[in-house]
Amino acid sequence: QVQLQESGGGSVQSGGSLRLSCAASDHTFRHPYYMAWFRQPPGEEREGVAEITDDGRTKYAERVEGRFTISQDNAENTLYLYLEMNSLKPEDTAMYYCAASTYGGIWLDHTRFDIWGQGTQVTVSS
C-alpha cells in the first residue's frame, strides 16, 4: 500500500505564505491518477482545496482560487505533490491532508480518494 507523507505546515501571520509537500514513495499508481489537497478546519467538515490530474489539469475550491497553487513532480520512484499557499487568511487555518485516487469523477469529491496522509497543521493568525 502506497503511503502519503505530508510536511510543511506551521504557523504564519495573515498575509503570509506556506508551501506544503506530500511524498508518495514507491507508488504504483496506474494512469489516470488524481492527487489532491483537502483540509478540515476545527469543528468543521473536510473540504476540498485543490486537485491535479496526472496530465496536469487542476481544479481549485473557490475560496482559494488565485491564492493557492497545486503542482506535482516525479523523481525516481517517488511522486511529490505540492501546495503553494499565498495571502493566507485566518480562515485557512485547518489540518491539511494529501490524498490520492485512481478513480475519476466529481472534482474535489473526497469519496473518490482512497489513500490519505496523516495531515499537517496550518495555523494563520490575524
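Throughout, numbering of the chain's residues begins at 1 and tracks the sequence.
Rounded to the nearest 0.5 angstrom, L79 CG and N74 CG are separated by 5.0 Å. Considering OH of Y82 and CD of Q72, their distance stands at 10.5 Å, rounded to 0.5 Å. From L20, atom CG reaches atom CZ of F68 across 8.0 Å, with rounding to the nearest 0.5 Å. The distance from atom CD of E51 to atom CG of D109, rounded to the nearest 0.5 Å, is 9.0 Å. With rounding to the nearest 0.5 angstrom, the CG atom of D54 is 7.0 Å from the OH atom of Y34. A distance of 9.0 Å separates OG1 in T120 from CG in L18, rounded to the nearest 0.5 Å.
At least one side-chain heavy atom of K59 sits less than 4.5 Å from a side-chain heavy atom of L108. By the 4.5 Å heavy-atom criterion applied to side chains, W37 and C98 are counted as neighbours. Side-chain contact between E47 and R63: present, with at least one pair of heavy atoms (C-beta onward) separated by less than 4.5 Å. Using a 4.5 Å heavy-atom threshold, the side chains of L4 and L81 count as separate. Side-chain contact between W107 and T53: present, with at least one pair of heavy atoms (C-beta onward) separated by less than 4.5 Å. Under the 4.5 Å side-chain criterion, counting only non-hydrogen atoms from C-beta, Y60 is in contact with T69. Counting heavy atoms from C-beta outward, H31 and D55 have side chains that stay 4.5 Å or more apart.
Between N86 and S17 the shortest heavy-atom distance is OD1-OG, 2.8 Å. Shortest non-hydrogen contact noted between V64 and V49 is CG2-O, 3.5 Å. The shortest non-hydrogen separation linking V124 to T93 is N-OG1, 2.9 Å. What you find for S14 and S126 is that their closest heavy atoms are CB-CA, 4.1 Å.
Atom CD of Q121 is surrounded by more than 12 heavy atoms from other residues, nucleotides or ligands within 6.0 Å. Other residues, nucleotides and ligands place more than 12 heavy atoms under 6.0 Å from the CD atom of E65.
Of the possible donor and acceptor atoms, one in the side chain of S101 sits under 3.5 Å from a partner among the backbone N and O of R112. With hydrogens and angles ignored, the 3.5 Å screen pairs a side-chain donor or acceptor of E6 with a backbone N or O of Q118.
No chain of hydrophobic side-chain contacts below 4.5 Å, direct or via other Ile, Leu, Val, Met, Phe, Trp or Tyr residues, connects I115 to Y103.
Among E84, K89, M85, the one residue that satisfies the side-chain contact (heavy atoms from CB on, under 4.5 Å) test with R67 is K89. When each of Y97, F113, Y96 is paired with F38, the ring-ring contact (aromatic ring centres under 6.0 Å, His included) condition holds for F113 and for no other.
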